[in-house]
Amino acid sequence: FENDLYERFYAPVAPEIDQLRVVLQGVEARAHEREWVGLQSFGDLDDNRLVDGAAGDRLIYRRRADVPPDPASPQTKPKRLRFVLDVSGSMYRFN
């Protein structure tokens, strides 16, 4: 009996569940965030290089960029995704 009831509710949403599985399997948690890259010829003015700029240096800017991690390094900041669903009777009616 319970399996028939489960299948009755599962069947209409099965395609969406499969789509969500594909999306979640395709997501890779990145081990790094965007970082500041210094010694650039354009971008945001690097406050630490003001004296060098006054002396004539042209590489006084910094930019945010994706720096790829070392392939052999372990993932330092794994991402987790949690779903919290309320299936109680209080969510049964909206009026």
Side-chain angles (χ1 to χ4, degrees):
F1 173 73
E2 290 181 7
N3 189 37
D4 294 336
L5 184 62
Y6 173 78
E7 289 296 328
R8 194 178 83 200
F9 287 113
Y10 176 76
V13 295
E16 287 83 5
I17 291 172
D18 291 336
Q19 287 177 351
L20 184 59
R21 279 192 182 125
V22 169
V23 168
L24 292 177
Q25 288 172 352
V27 173
E28 292 182 14
R30 292 200 273 173
H32 65 284
E33 301 294 329
R34 292 175 47 125
E35 298 176 4
W36 286 107
V37 178
L39 298 175
Q40 302 292 312
S41 59
F42 64 94
D44 292 337
L45 184 62
D46 189 352
D47 296 336
N48 297 327
R49 309 270 308 166
L50 291 177
V51 174
D52 297 333
D57 193 358
R58 295 183 182 188
L59 301 177
I60 58 169
Y61 299 97
R62 62 181 182 165
R63 290 185 289 146
R64 301 276 291 181
D66 289 325
V67 179
D70 182 23
S73 66
Q75 189 175 18
T76 57
K77 297 180 180 178
K79 308 296 188 263
R80 293 184 184 195
L81 185 62
R82 294 183 183 193
F83 292 98
V84 179
L85 305 174
D86 184 359
V87 293
S88 65
S90 65
M91 299 303 289
Y92 182 70
R93 294 187 183 176
F94 297 107
N95 296 355

Leu39 versus Arg49: any side-chain heavy-atom pair under 4.5 Å?
yes
Of all the heavy-atom pairs spanning Gln40 and Arg62, show the shortest one and how long it is.
CG-CA, 4.2 Å
hydrophobic_cluster_shared for Ile17 and Tyr6, side chain cutoff 4.5 Å:
yes
Can you list everything that forms a side-chain hydrogen bond (donor to acceptor under 3.5 Å, both in side chains) with Asp44? Sequence neighbours excluded, please.
none
Residues sharing Leu50's hydrophobic cluster, by side-chain heavy-atom contacts under 4.5 Å among ILVMFWY, directly or via others?
Leu45, Ile60, Tyr61
Heavy-atom pair with the smallest gap, counting every atom of Leu59 and Asp57:
N-OD1, 3.2 Å
Taking the six-membered ring of Trp36 as reference, does the NZ or CZ atom of Arg63 fall below 6.0 Å from its centre and within a 45° cone about the axis?
no
Counterpart residues, salt bridge (charged side-chain N to carboxylate O under 4.0 Å, His left out), relative to Asp4 (two or more places apart)
none
Between the CG atom in Asn3 and the CZ atom in Arg8, the distance rounded to the nearest 0.5 Å is 12.5 Å
Between Ala65 and Val37, the two heavy atoms sitting closest are CB-CG2, 3.7 Å
